[in-house]
Amino acid sequence: MKKVSVAAAAAAALLLLLLLAAAATEGSELKLGYYAKTCRGWENVVKYHVAKAIRANRASGAALVRLIFHDCFVRGCDASVLLDPTPANPHTEKTAPINIGLAAFEVIDDIKAALEERCPGTVSCSDIVVFAARDASSILSNGHVHFDPPAGRLDGKVSRAADAQRDLPDSTFTIAELIRNFRRKNFTVEELVILSGAHAVGVGHCSSFRARLSSPPSQIVPAYRNLLSGRCAAGPDPVVPNNVRDEDPRAVAAAFPSFLKKLRRSGDFLDNSYYHNNLARIVTFNSDWQLLTEKEALGHVKEYAENGTLWDEDFSEALVKLSKLPMPPRSKGEIRSHCRVVNGHHHHYH
C-alpha cells in the first residue's frame, strides 16, 4: 500500500503546484473587459475626466500620453511613477531628473476618487494611467489614434528614482543608445521611431536640449536653433513646445519667418508632423535628430512622414504593447486607494 500513497502524495503535490502556478499566472493575466462585472461603466468615468481636463488645459493631454511611457518603461505598468516621496522613501520615480516636467497627476487623482466612490477598491491606478493615455491620445488626434487595451494590472509598492534613471531613454542619447534602451524592453527600431512620434505634442525643458543650441546646421536648421536659443534665454529652465508648429507666431516671425505658414491653429494635435519636422531638422531633442543617422530608423521616419494614417495605426498598436509591460517577477501588487501612496500609509491631501 505504501507505494500507492507515495505516488498519490506526489500526484497531490503536483496538482497543488499546478494550481498554484495557475493562480500565479491568473493574477498577471490582462484581459479585455476585465472590470465588466465589478465596475461597469468605469471607462466612461475615465473618459469624462480626461476630456474635462483637456478642455480646461490642452497640455494635460500630452502629459497623460507621456505618463504611460514613463510608468510602463520602469518596473512595468504598475503606477510606480505616481508615488509621492515620503520620509521612508524620499526618492520615488517622480523625483528622478529624467522625469522632469511629468504632470497631470491631479487628473489621475480625480479619476481615482470618482472610481473609489463608484466601486471601492476595484480599479487599479495602473489601469487608470493606461486608459487615461488611451483617451488623451484619442482626443488629441481627433479619434485617429484609437485602441482597446486590456485591463487587470496591479499597483506596485516599489518606486525608485534610480530605476527611472536606468530604464528611461534620455533626450541626449545617441541612436545606438536609444536602440539598446528600447531593445531591453523588447521594442524594435521601428517601435522606437513610432513612439518618438509622440513628440508631435507636449513641451520640453531647455535643460533637455541645451547642447542643441550649439549643434551644427547639419543637425539643426540655424533659424530654428536661434529661435530655441531665444526661448531658452528667457529664464532658468523654460519649457518650449516640442512641435515647432505650435510655436508662438511672433517668435517664428522674428527668427524663422519662412515657417510661419506651417504653424497650426490648434496646438498639441497628435499627428505625423513630428516626422516632417525631423526630416527638415527642426526638432528639439538630440534623441529626435538621431533617428536620421541610422538606415533603418531613417527609413521609418520617411515612411511615417509619407503616411499619417499608417502612423496612427502603428502608434495605437505600440501603446497597447507598451501597456502590457509586466511588473518584475515576484512583485507584490495591490489596488491602491490613493494613487500617490501605497496602502496602509495615511495621506493628507493639501
Side-chain angles (χ1 to χ4, degrees), residues 58-59 62-63 65-66 97-103 168-179 181 192-295 297-302 304-306 311:
R58 197 161 167 91
V65 177
R66 188 174 178 219
I98 193 115
N99 280 331
I100 185 173
L102 280 183
L168 288 163
D170 196 273
S171 58
T172 60
F173 274 10
T174 63
I175 187 67
E177 291 171 310
L178 289 166
I179 290 172
N181 177 274
L192 157 65
V193 174
I194 291 165
L195 287 168
S196 299
H199 290 161
V201 295
V203 292
H205 282 74
C206 286
S207 56
S208 302
F209 56 83
R210 192 67 73 191
R212 298 276 285 155
L213 305 181
S214 53
S215 296
S218 57
Q219 298 180 16
I220 184 171
V221 166
Y224 183 54
R225 189 183 59 197
N226 296 344
L227 187 154
L228 292 180
S229 296
R231 295 298 239 137
C232 291
D237 191 16
V239 296
V240 173
N242 285 336
N243 196 328
V244 60
R245 289 156 203 264
D246 296 339
E247 263 297 353
D248 173 26
R250 284 162 309 185
V252 174
F256 195 6
S258 65
F259 200 76
L260 270 173
K261 57 184 179 295
K262 293 195 175 164
L263 295 184
R264 305 196 281 198
R265 277 185 288 291
S266 87
D268 277 326
F269 183 65
L270 189 59
D271 61 5
N272 71 331
S273 57
Y274 168 82
Y275 302 99
H276 292 280
N277 295 347
N278 209 339
L279 292 170
R281 288 179 175 71
I282 44 177
V283 282
T284 44
F285 304 120
N286 181 64
S287 54
D288 294 326
W289 170 78
Q290 286 282 328
L291 300 183
L292 307 182
T293 65
E294 194 266 351
K295 201 170 148 204
L298 174 61
H300 291 302
V301 171
K302 289 177 171 165
Y304 292 120
E306 282 159 25
W311 181 75

Between K302 and L279 the two heavy atoms that sit nearest each other are CG-CD2, 4.0 Å
To the nearest 0.5 Å, what is the distance between CG (L192) and CG (N181)?
8.5 Å
For the atom pair CG (N272) and CG (N278), what is the distance rounded to the nearest 0.5 Å?
12.0 Å
In short, D268 meets A62 closest at the heavy-atom pair OD1-CB, 4.3 Å
Looking only at heavy atoms, what is the nearest atom pair of G101 and R66, with distance?
C-NH1, 3.4 Å
Side chain to side chain contact (heavy atoms under 4.5 Å, CB included) assessment of V193 paired with Y275:
CA-CA 9 Å; V193 174; Y275 302 99; 3.7 Å; yes
Under 4.5 Å between any side-chain heavy atoms of L291 and D288, yes or no?
no
Within the structure provided, determine whether D170 and F285 are in side-chain contact (heavy-atom separation under 4.5 Å).
no
Checking side-chain hydrogen bond (donor to acceptor under 3.5 Å, both in side chains) for the pair Y274/N242: CA distance, chi angles, key distance, verdict?
CA-CA 9 Å; Y274 168 82; N242 285 336; over 6 Å; no
According to the side chain to side chain donor-acceptor pair (under 3.5 Å) rule, which pairs have a member within residues 205-226, sequence neighbours left out?
S207-D237
Does anything in residues 251-267 form a salt bridge (Lys or Arg N to Asp or Glu O under 4.0 Å)? List the pairs, not counting sequence neighbours.
D246-R264, R264-D271
Any side-chain heavy-atom pair of I194 and H300 under 4.5 Å:
no
Which atom of F256 lies closest to which atom of L227, heavy atoms considered:
CB-CD1, 4.3 Å
Atom OG in S266, atom CZ in R58: separation rounded to 0.5 Å?
4.5 Å
Where S273 and A200 come nearest, the two heavy atoms and their spacing
OG-CB, 4.0 Å
With side chain to side chain contact (heavy atoms under 4.5 Å, CB included) as the criterion, how do R245 and N277 come out once you've worked through the C-alpha distance, each side chain's angles and the decisive distance to 0.1 Å?
CA-CA 9 Å; R245 289 156 203 264; N277 295 347; 2.8 Å; yes
Quick check: do L292 and R281 have side-chain heavy atoms less than 4.5 Å from each other?
yes
Can you tell me which residue among V240, N286, V283 is in a side chain to side chain contact (heavy atoms under 4.5 Å, CB included) with F209?
V240
Nearest 0.5 Å, what's the CG-CD distance between L228 and E247?
7.0 Å
